[in-house]
Structure formats: structure tokens, C-alpha cells
Amino acid sequence: MHNADIRDIPAATAGEVYTRILWLILGTLFAAATVFRLNWFGDYTFPINDGALFVVIAEAIIVNGMVPPTEYAFNGEVLPLGYPPLALWIAALISKLTGIDAVLVATWYPFTMNLVFMAGFIALLRAMRLPWLVLIVAAAIFMFQDRTFKFLIMGGGITRGTGAVFAIWAWVSAVRMMDDPRASRILATLTLCGLTILSHLEFGITAATGITLIVMLSNRSPVERFKLLFTVGAGAFLIILPWLYWVLSAHGLDPFRSASETSGWCAACSARKVLEFGLFPWYIMIPAVLGVIELTRQKQYFWILLALAIWFITPRHAPSPLVIPNSLLAAYGVLMLFRLLGEGTAAWARPTDGRQITLLSTPVSTAAFLALFAATITTLGATREMAERTGMETLPREIREVMAWVDTNIEPNSRFVIFTGEPWATDETAEWFPYLTSSLGLSTAQGLEWAGPGVFVEKLGQLSILTSTAACTGLVENTLEAFPTAEYLFAVRLND
């Protein structure tokens with residue numbers, strides 16, 4: 001990491017003490033963001049929302065002598081292990097070495113990875129030598145956005161959270177590589193890119209997208225850029241090649257064809273969301289748009305292009321990695337907004353990089369004020385956003401107790417339909433039911449994303465019939481229409 005750039009602080013106040021205070025502000029933000037995340041845990045001994053499927057896979061890896069199996073059993077099905085296995089293997093290793101139950105690993109491992117993700121964001125901005133004020137405001141916005149952690153600290157964050165960590169540190173390495181393309185930095189970049197793909201496929205695409213932009217927008221010659229890009233790409237491919245061979249030799253292309261059905265790619269849909277400012281959460285929309293204007297004015301296009309590329313290439317997955325460029329765009333927008341308030345139209349005369357703003361008597365007090373302002377606005381917006389949407393619930397203890405009763409008193413392999421009214425992706429009850437009981441969840445979709453072409457889509461069709469009503473009247477009829485072989489209905493949150 002580069003040493004602090006004292007030139008970012010006016011000469012009258014320059015000095016090591018101020019640099020340390022600025023780091024203290026970052027540390028305070030980091031600590032507050034950590035507490036903010038802990039607030040969303042409903043039970044410190046059970047994962048937020050999902051993770052049952054990954055717990056099953058981690059346990060299967062342990063049983064198989066720490067070698068990922070080609071298949072695993074879940075919910076009465078023998079499913080191909082098409083998931084990139086690295087993060088699941090790490091979770092299995094932690095469980096095996098420590099003796100900690102895999103469920104508890106799924107509770108805290110994603111949370112820990114998210115803290116490393118936050119540290120990676122700071123490291124990325126320092127590697128890019130951004131001014132201190134830009135870094136602090138961007139960090140305040142990044143750390144408290146809901147999408148920075150919403151899908152990353154829950155149980156399913158075993159893979160997503162690990163992929164996020166490797167991706168952002170791959171970008172850090174790529175920036176350093178373009179500063180000095182020595183062999184060690186090239187090796188680090190291609191290794192981190194490969195490890196990202198082996199952890200989470202979509203974050204792997206995100207990592208490759210960011211590295212490509214970092215290289216192509218550098219000031220090095222076209223030939224040198226091509227050589228570096230080719231080397232990193234070829235090296236990353238060699239790292240993932242054993243996994244590809246392992247999956248293809250066991251299952252062919254079927255798992256990947258099946259997974260592509262859930263990717264959410266739709267050019268028209270993505271374009272519509274961009275036009276509707278779907279790129280930005282509503283609570284940072286104004287500063288983010290101002291940031292786009294400001295950086296376009298400065299002819300600095302990296303963060304804008306990165307946001308657009310992420311959204312169009314991986315639309316379903318996009319909101320999580322989009323927090324990285326969005327935080328920078330919003331930070332520049334916040335700084336520009338305060339310049340406009342203080343200077344009026346004269347603010348447009350010079351580009352905004354944070355060094356022109358002196359709201360208070362010293363740069364440090366200005367940084368502290370802007371950090372508090374950005375963190376507060378983002379926290380309030382994120383809290384409201386999280387309150388209005390599902391997806392961060394922990395399976396309640398009382399429902400787990402009912403499932404324990406089912407496990408004890410109902411004949412194994414009995415066929416249940418689980419109804420909660422929630423979308424399949426955030427239906428923690430349906431996912432955990434097969435793991436916590438010895439019965440089958442006919443309405444459980446998790447695991448089928450890689451089961452083969454058409455399997456997952458067929459399950460979604462059945463679920464659309466099931467969830468067409470949330471009232472008692474008609475639910476039994478819908479259940480039998482969607483799942484004719486059902487024997488029991490496990491219903492939660494019914495309407496009268």
C-alpha cells in the first residue's frame with residue numbers, strides 16, 4: 001500500500017499526525033460499519049437467510065476426505081457439483097480443523113469475508129492514489145450501503161463473499177501491476193483472478209471486467225497492454241482449468257447450461273434499468289449522478305464504464321459489485337454538491353478532487369464532517385431499504401423447533417410443500433427444511449440451478465402456481481395443482 005500522500009493536505013497543516021487522524025477516521029468508519037452489520041443478525045448461532053445447500057456441500061467435502069465430490073445429495077436428489085468449489089472447500093476446511101459445526105461456519109465466515117472486502121475497498125483507492133477526502137467520503141458511502149453486505153454476510157455469502165474478496169483484491173493487484181508490471185505483481189493479479197472464478201462464477205466475471213478496464217485505460221502502450229491482459233487471462237485460465245476439466249468430464253456442459261438460465265441477462269431489461277437510474281440506489285442517486293457529470297467533465301471514465309459493464313454483463317448479480325463504482329461516483333458527487341453550495345457556479349471552473357473544500361477550519365475537521373454526513377445519509381437510506389424488502393431474515397428459532405418435531409415424528413422422505421409467500425431466492429424456510437428434517441421439500445428450488453437444462457425453470461413454474469395466492473382459501477388447491485404428489489403442507493405467514 002502506498003504511503004499517505006501529504007500533498008493532499010495543505011502545507012500549513014501537513015504532517016504525520018494529520019495522516020494518522022485521517023486513518024483514525026477510516027478506522028472509526030470501519031468499526032461503525034462492523035456494528036451496523038452485526039445488527040442484522042437475528043441469531044448469532046444460525047446463518048442469516050440461506051446457506052443450507054452450501055452447508056450440505058461443505059459436509060460432503062469433509063466426508064469425502066476434503067476432496068470435492070462430483071455429486072452430492074440434497075433434498076432427495078443427487079445433484080452435480082457444478083458450483084466453483086474453492087469457497088466451499090475453505091468452509092469445509094475451517095469446520096474440519098476447528099471442529100466448529102458447518103452451520104456455525106456458515107454464520108460467521110461470510111461476515112468475516114465482508115470485513116476483508118471493506119479493507120480491500122480502502123486498499124483499492126489507496127493504490128489508485130485518490131485524494132484523502134475522496135477516499136474517506138467514498139469509504140463512508142461504501143461501508144454503509146446495504147448491498148455492500150446484504151447478500152454477502154448471509155449463509156450463501158460463503159461463495160459470494162469469498163468471490164467479492166478475491167475480486168476486489170485482484171483489482172488492487174491489477175492497479176499495482178500497471179504501476180510496475182514486475183513478474184510478482186502479474187502473478188498476483190492472475191492468481192487472484194483465477195481464485196475469484198473458483199469461488200464464485202459471477203464475481204469472477206466481475207474481476208475480469210475490472211482488470212480489463214484497469215489495463216485498457218492505463219497510459220501504457222497498446223502492445224504492452226495486450227501482453228499484460230493476455231498473460232493475466234491465460235494464467236487465470238490455467239488456474240481454473242483443472243476445475244473445468246473435473247466438471248466437464250463428470251457432467252458435460254449441462255450444469256453450466258442450467259446455471260445460465262438463472263443469470264438474468266437481458267439486454268433490453270438492463271437498458272431499461274439504466275434509463276430508470278437502476279444503476280444507483282435511490283438514497284445516493286443525486287450525488288451519484290453528480291459524480292457521473294463531474295468525472296465526465298474531468299474525462300475520467302473508469303468508474304462510469306465499470307458500473308455500466310458490471311450491470312450489462314451480469315445484471316442479476318450486479319447490485320453487489322456495483323457498490324464499488326457507485327460509492328466513488330457518489331463521493332465525487334457529494335464533494336461537488338458541497339462545492340456548489342459554497343462557491344455557486346464558480347465551482348464548475350475547476351475539477352473536484354476534494355482538495356478545494358474547506359468547510360471547517362482544518363482539512364481533518366472537514367474530512368470528519370463529510371464522513372459523518374455521508375455515513376449518516378447512507379445508513380438511513382440503507383436501513384429503510386432493508387426494512388422494506390425481505391432477504392435478511394434468520395430462520396426463527398420457533399420454526400426450527402417445528403422442523404425438529406417434523407424430523408422426529410414424521411416418516412422420513414415424506415413429501416412436503418413449504419409455503420411462505422416469499423420469492424424462492426430469499427425463502428430461508430424452504431431451503432433449510434430439507435436440511436433440518438429427514439423429509440423432502442417439493443417446493444425447495446435451491447440446488448436445482450445446476451441440475452440440468454430446464455429443471456430449475458420447471459421448478460419456478462410450479463412455484464408461480466403455488467404462490468399465486470397467500471390466502472388459506474385456494475392454497476390447498478394450488479398446492480395439489482403444482483405438486484400432485486405432496487403429502488403435507490408446511491405453511492408460514494398465511495393471510496386470512
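Predicted model only: the values in this text are computed from it and were never measured.
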Keeping the roles fixed (side chain from [X], backbone from [Y]), state whether a donor-acceptor pair exists under 3.5 Å.
X	Y	answer
Asp50	Glu428	no
Trp424	Lys459	no
Glu431	Ala52	yes
Ser414	Glu411	yes

Between Tyr488 and Arg415, is there a cation-pi geometry (under 6.0 Å to ring centre, at most 45° from the normal)? no
Using the side-chain hydrogen bond (donor to acceptor under 3.5 Å, both in side chains) criterion, which residues pair with Thr376? Sequence neighbours excluded. none
Which residues pass the side-chain hydrogen bond (donor to acceptor under 3.5 Å, both in side chains) test with Thr189, not counting sequence neighbours? Ser173
Could you check Tyr83 against Phe54 for ring pair (Phe, Tyr, Trp, His ring centres under 6.0 Å), going step by step and ending with a plain yes or no? CA-CA 10 Å; Tyr83 284 98; Phe54 292 160; 5.2 Å; yes
Taking the six-membered ring for Trp and the single ring otherwise, decide whether the centroids of [X] and [Y] are under 6.0 Å apart.
X	Y	value
Trp303	Tyr332	no
Phe433	Phe416	yes
Phe142	Phe117	yes
Phe111	Phe41	yes

Arg400 and Asp43: CA distance, side-chain angles, deciding distance, salt bridge (Lys or Arg N to Asp or Glu O under 4.0 Å) verdict: CA-CA 12 Å; Arg400 280 180 269 158; Asp43 185 331; 2.8 Å; yes
Report yes if the side chains of [X] and [Y] come closer than 4.5 Å at any heavy-atom pair, otherwise no.
X	Y	answer
Pro110	Phe149	no
Gln145	Ile141	yes
Thr34	Met118	yes
Met113	Ile158	no
Thr45	Arg397	yes
Asp254	Pro80	no
Ile57	Val55	no
Leu279	Leu308	yes

Salt bridge check, Arg384 against Asp146: does any charged N sit closer than 4.0 Å to a carboxylate O?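 Salt bridge absent between Asp146 and Arg384.
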Pairing of Arg147 and Glu385 as salt bridge, 4.0 angstrom limit: no
Test side-chain contact (heavy atoms from CB on, under 4.5 Å) on Leu306 and Trp171; report intermediate values, then the result. CA-CA 12 Å; Leu306 181 61; Trp171 292 354; 3.9 Å; yes
Hydrogens and angles aside, do Glu59 and Tyr435 bring a side-chain donor and acceptor to less than 3.5 Å of each other?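 The criterion, which ignores hydrogens and geometry beyond distance, is satisfied for Tyr435 and Glu59.
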Is it the case that Thr162 and His200 place a side-chain donor and acceptor less than 3.5 Å from each other? no
For a side-chain contact (heavy atoms from CB on, under 4.5 Å) check, start with the C-alpha distance between Glu481 and Gln462, then their side-chain angles and the critical distance, and finish with the verdict. CA-CA 8 Å; Glu481 180 184 353; Gln462 293 174 308; over 6 Å; no
